[in-house]
Colleague: 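This is the structure, below, for whatever I ask next.
Proteins get letters first, then strands, A, B, ... in listed order; numbering begins at 1 in each. No hydrogens, no waters, no symmetry mates; every other heavy atom, side chains included, goes into these values. This is a predicted model, so every value here is computed, not measured.
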Amino acid sequence: MEIVQIVGMGIVATILVVLLKEDKPEIALQISIVIGAIIFLLMIEKIISVVDVLKSLSQKASIDMIYMSTVLKIIGIAYLAEFGAQICRDAGASSIASKIEFAAKIMILVLSLPILMAVLELLIKLLP
Amino acid sequence: MEISGGFIGNNGIPIIILAKGVFKLDVDILFKIAGIGIVISILSKVLDEAGRKEQAQMTTLVGVVIVLMMVIQLISQLFSNVKTMFQLY
């Protein structure tokens, strides 16, 4: 019943944020950052086991490790960018948030270019 | 950051190494930050009423810096965990 803990923590943090938002919005923002980090750190154990299972499956299917690690990297970049962008948007700086998302999109594109090129080469080989 | 232990996969390859203090439920930092915020807001109001605007501003600044010190540690822990987990180097 870990979900009860997390929901309770979220509600308490929300109440604290609402309490502090009028006088000290900067500290309210930091509380929301902290609750995001704590919830992720609580979930990290489970994410690790899921990633472990995915890795062993890909080894059984003899998929090249480079594709798996690319997928994992893309997930990580997307998560971090989303985290930062949501904090910026909460604080009312949505222009900075959209720039963070732009940078994350470019990085994901750069990471996925080799796979795209591999697919294209395979296609060219298959075509007569 | 110190390293507490790693997971060893089935084939003997160390898969993921976690930073220290990951599995501890540390909710008290939340209450610490909220308490600092409440105290700082009351202090700055009192100093404002007493006609000491500069000192009230200084108090606010100091409070923000103290809270930021605590938040930065947590954020660096989060970032290093995400980096090791998703192999972002």
Colleague: If every non-hydrogen atom of A/Lys73 is compared with every non-hydrogen atom of B/Gln87, which pair is closest and at what distance?
Modeller: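 That closest heavy-atom pairing would be CE-O, 3.0 Å.
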Colleague: Given the options B/Ile40, B/Val64, B/Val82, which has more heavy-atom pairs under 4.5 Å with chain A than any of the others?
Modeller: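 Answer, by heavy-atom pair count under 4.5 Å with chain A: B/Val82.
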Colleague: At what distance, to the nearest 0.5 angstrom, does CG of A/Leu20 lie from CD1 of B/Ile33?
Modeller: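 If I round to the nearest 0.5 Å, the distance is 10.0 Å.
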Colleague: Show, in sequence, the C-alpha distance, side-chain angles and deciding distance for B/Leu74 and A/Leu41, and conclude whether the side chain to side chain contact (heavy atoms under 4.5 Å, CB included) test is met.
Modeller: CA-CA 9 Å; B/Leu74 205 66; A/Leu41 290 177; 4.3 Å; yes
Colleague: Contact part of B/Lys45 toward chain A, heavy-atom cut-off under 4.5 Å: side chain, backbone, both or neither?
Modeller: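 Just its side chain gets close to chain A.
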Colleague: Counting only heavy atoms from other residues, nucleotides and ligands, does the tally under 6.0 Å from CD of A/Glu2 exceed 12?
Modeller: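 Correct, the count exceeds 12.
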Colleague: Would you mind telling me which of A/Ile33, A/Leu72, A/Ile35 has the largest number of heavy-atom pairs within less than 4.5 Å of chain B?
Modeller: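 Looking at each option in turn, the highest pair count goes to A/Leu72.
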Colleague: Between A/Lys24 and B/Ile38, is there a side-chain heavy-atom distance shorter than 4.5 Å?
Modeller: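 Heavy-atom side-chain distance check fails, nothing below 4.5 Å.
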Colleague: Using side chain to side chain contact (heavy atoms under 4.5 Å, CB included), reason through B/Ile29 and A/Ile38 one step at a time and then give a plain yes or no.
Modeller: CA-CA 10 Å; B/Ile29 191 171; A/Ile38 286 176; 3.8 Å; yes
Colleague: Do A/Val12 and B/Phe31 have side chains that get closer than 4.5 Å, going by heavy atoms?
Modeller: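 Yes, close enough: below the 4.5 Å cut-off.
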Colleague: Return yes when atom CE of A/Met107 has more than 12 non-hydrogen atoms of other residues, nucleotides or ligands closer than 6.0 Å, and no otherwise.
Modeller: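 No - once you tally the heavy atoms of other residues, nucleotides and ligands closer than 6.0 Å, there are 12 at most.
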Colleague: Quick check: is A/Leu111 connected to A/Met68 through a chain of hydrophobic side chains (ILVMFWY, heavy atoms under 4.5 Å apart)?
Modeller: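 Different clusters.
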Colleague: Using non-hydrogen atoms and a 4.5 Å limit, figure out which bit of A/Leu16 sits close to chain B: side chain, backbone, both or neither.
Modeller: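 Contact with chain B is through the side chain of A/Leu16 alone.
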Colleague: Hey, could you give me the CD1/CD1 distance between A/Ile31 and B/Ile36, rounded to the nearest 0.5 Å?
Modeller: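 Reported value, rounded in 0.5 Å steps: 9.5 Å.
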Colleague: Same hydrophobic cluster for A/Ile66 and A/Ile108, using side-chain heavy-atom links shorter than 4.5 Å among ILVMFWY?
Modeller: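 Cluster IDs for A/Ile66 and A/Ile108 differ.
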Colleague: Please answer: with hydrophobic residues joined when any side-chain heavy atoms are less than 4.5 Å apart, are B/Met58 and B/Val39 in the same cluster?
Modeller: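 Shared cluster, no.
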Colleague: Would the number of heavy atoms belonging to other residues, nucleotides or ligands and lying under 6.0 Å from CD1 of A/Ile63 be above 12?
Modeller: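 More than 12 heavy atoms, drawn from other residues, nucleotides or ligands, come within 6.0 Å of this atom.
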Colleague: Mark yes when over 12 heavy atoms from residues, nucleotides or ligands other than B/Gln57 sit less than 6.0 Å from its CD; otherwise mark no.
Modeller: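 At most 12 heavy atoms, drawn from other residues, nucleotides or ligands, come within 6.0 Å of this atom.
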Colleague: Decide whether A/Ile100 and A/Ile87 are clustered together by the hydrophobic rule: side chain heavy atoms of Ile, Leu, Val, Met, Phe, Trp, Tyr closer than 4.5 Å, transitively.
Modeller: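 No, no single cluster joins them.
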Colleague: Rounded to the nearest 0.5 Å, what separation is found between the CE atom of B/Met85 and the CD1 atom of A/Ile47?
Modeller: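 B/Met85 CE to A/Ile47 CD1: 4.5 Å, rounded to 0.5 Å.
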Colleague: Tell me which one of B/Leu30, B/Ile75, B/Val27, B/Val67 satisfies side-chain contact (heavy atoms from CB on, under 4.5 Å) with A/Val34.
Modeller: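 When side-chain contact (heavy atoms from CB on, under 4.5 Å) is applied between A/Val34 and each of B/Leu30, B/Ile75, B/Val27, B/Val67, only B/Leu30 qualifies.
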Colleague: Check whether A/Gln30 gets within reach of chain B through its side chain, its backbone, both or neither, counting any heavy atom under 4.5 Å.
Modeller: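 Contact with chain B involves both backbone and side-chain atoms of A/Gln30.
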Colleague: Is it the case that more than 12 heavy atoms not belonging to A/Met43 sit under 6.0 Å from its CE atom?
Modeller: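 Yes, CE of A/Met43 has more than 12 neighbouring heavy atoms, counting only those of other groups under 6.0 Å.
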Colleague: Are there over 12 heavy-atom neighbours, none belonging to A/Met65, within less than 6.0 Å of that residue's CE?
Modeller: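 Buried by this count: over 12 neighbours within 6.0 Å.
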Colleague: For residues B/Gly37 and A/Ile27, report the shortest heavy-atom separation together with the two atoms involved.
Modeller: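 That would be CA-CD1, 3.7 Å.
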Colleague: Distance check, rounded to the nearest 0.5 Å: B/Gln77 atom CD versus A/Phe40 atom CZ?
Modeller: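 With rounding to 0.5 Å, CD (B/Gln77) is 11.5 Å from CZ (A/Phe40).
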Colleague: I want to check something: taking the side chain as every heavy atom from C-beta on, are B/Phe86 and A/Ile77 in contact at a cut-off of under 4.5 Å?
Modeller: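 Side-chain contact under 4.5 Å: no.
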Colleague: Under a 4.5 Å side-chain heavy-atom rule over Ile, Leu, Val, Met, Phe, Trp and Tyr, are A/Met9 and A/Phe83 clustered together?
Modeller: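 Cluster IDs for A/Met9 and A/Phe83 match.
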